[in-house]
Amino acid sequence: MVTNSNSSSQEMIKLPCELRKLVWGDNIEQSIFERWSQRFQFSNDEPSALIQYEGGPCSVLTTVQAHLLNELIFCKRCQYDWRQASSDEIDLHFLNALVSILHLLSPSNNKVYLANFHYEKQKDNLTVNQFHEEIKFNVCQSNIDLKEIVFSRLQMWKNSYGVLLFLYSCLMTKTIDLLKKEIDDETSLPLIDIAHGHGSQCLTNLLITGFATPHCFDGDKDISGLKLYGIHQQASIGFLSSLEIYRLMEVGWFLKNPKSPIWILGSETHLTVIFSREQALVEQDDETPLKKALKIFHKYDTERNGFISNSLLEQVITEIIESSIIKINQTINQLKLRMDPDNLQIITESSFLKELFPQDQYKLSNSTQIGPLNGKPFIIYHYNGLPRSNKDKKVLYASAQANISDYGYGNDTPISAVAPVQPGSYLPITGVLRTKWPTIELQWDDEAKPSLN
């Protein structure tokens, strides 16, 4: 992370061609470039909500929006009327959100690169090459300078190309070498899809966690000798995906349980944000032995059916022992007899926990299955930056009264326990939220029907 001393370099650096290729591929489609060339602009109807003009740049806009909300809704000055905050107050939180994201990306190289863009006529329709020839970067090596320069460029962020300039600042700060190392699947490149213009999962994960992996599961996985990198710790912002409903993606505990009650929601084509001021929705990463063992069990229960094959138990127990989670004195055969007494050739999650953690069974069945709200209603909000996806084409936060009951916190919920999305029975957004809270019910205000797309 950058230091506190004031020591930025006056040297100006050009955008490397290699980074441009990582973002766009070999050729940049002009129409896609134009969609990404928008400014950071706030809604006239919801002063703290960013507007997205066209499909494409939601991976940047929604992550900035989520970090901005994290600054705004818990601000002591704004907590009672955060939706009525002044434009100056919102600008302050917006700039702090940019700084927060840049800090996520700079812990190892101690440098932050900030785009500097000067074009005398400030045309809105520069060609791809004209734009890229004008970009240069300042190098910041101190927190003081970083904040000062980010703040001084407020109008640059709010003018044309502001979204792209911030994206390039993030990627330059992360460095090309680390980006290439962390993106373990070349099919995830370029970072902006050449056909549709959407940002990749790598880009979304980078701006949420600081790590550019294309995967959302916890930890790393070895698939036939191929190592896949996942998420290793809680971030301030979380992530949920509609693809998990159909078992096309695995979202792990870390992304489902951010430090703040703010989640980016991913659909097949767009990203939006769900958030609340209810802190009881947040669960801290208190890694108990039971949770550690359960995570290992879930690594082998790839379909999240609540059981594994009898033959996989030895691998699970070996990993638990090697991780020094608990001491196990029984042999594998003894464990199999106790966990699978009927010789069904499967080990259920409940029998696994009952055998290894008998002292925690009451706690497991009575505490972790019921969230701290215990059925108490709370308010949840949804943000979609596309005007066409909002009622009357006005970008506003949709609000709902939410209720989570019984087995509702879903932090280790198998996907098979999630109620399937029934067309016409409830909105798709409910299905996504049920990948974390299987029993959540929502009553939207003003008959709103928030869209994921």
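Here the rule is side chain to side chain contact (heavy atoms under 4.5 Å, CB included) with Tyr383, and of Leu50, Leu265, Ile274 only Leu50 fits it.
In summary, the side chains of Gln155 and Asn159 do not present any donor paired with an acceptor at a separation below 3.5 Å, with no hydrogens or angles considered. Of the N and O atoms on the side chains of His67 and Glu71, not one donor lies less than 3.5 Å from an acceptor on the other residue. Counted by atom type alone, Asn44 and Lys394 present zero donor-acceptor pairs between their side chains at under 3.5 Å. Side-chain atoms of Asn205 and Thr213 form no donor-acceptor pair, as typed in the model, at a separation below 3.5 Å.
Enclosure of atom CD1 in Ile176 by more than 12 non-hydrogen atoms of other residues, nucleotides or ligands within 6.0 angstrom is indicated.
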Problem set entry | side chain to side chain donor-acceptor pair (under 3.5 Å) assessment of His215 paired with Asp220 | CA-CA 9 Å; His215 311 296; Asp220 301 332; over 6 Å; no
For this session: Could you walk me through whether Lys158 and Asp91 pass the salt bridge (charged side-chain N to carboxylate O under 4.0 Å, His left out) test, one step at a time?
Result: CA-CA 10 Å; Lys158 285 190 166 187; Asp91 281 346; 2.7 Å; yes
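The aromatic rings of Tyr113 and Phe137 sit perpendicular, their planes meeting at an angle over 60°, well past the 30° parallel limit.
Nearest heavy-atom pair, Ile262 versus Pro258, reported as atom, atom and distance to 0.1 Å: O-CG, 3.6 Å. What you find for Tyr229 and Lys181 is that their closest heavy atoms are CE1-O, 4.5 Å. When every heavy atom of His93 is checked against every heavy atom of Leu72, the shortest pair comes out as CD2-CD1, 3.7 Å.
By the side-chain hydrogen bond (donor to acceptor under 3.5 Å, both in side chains) test, Ser48 pairs with Tyr397, sequence neighbours left out.
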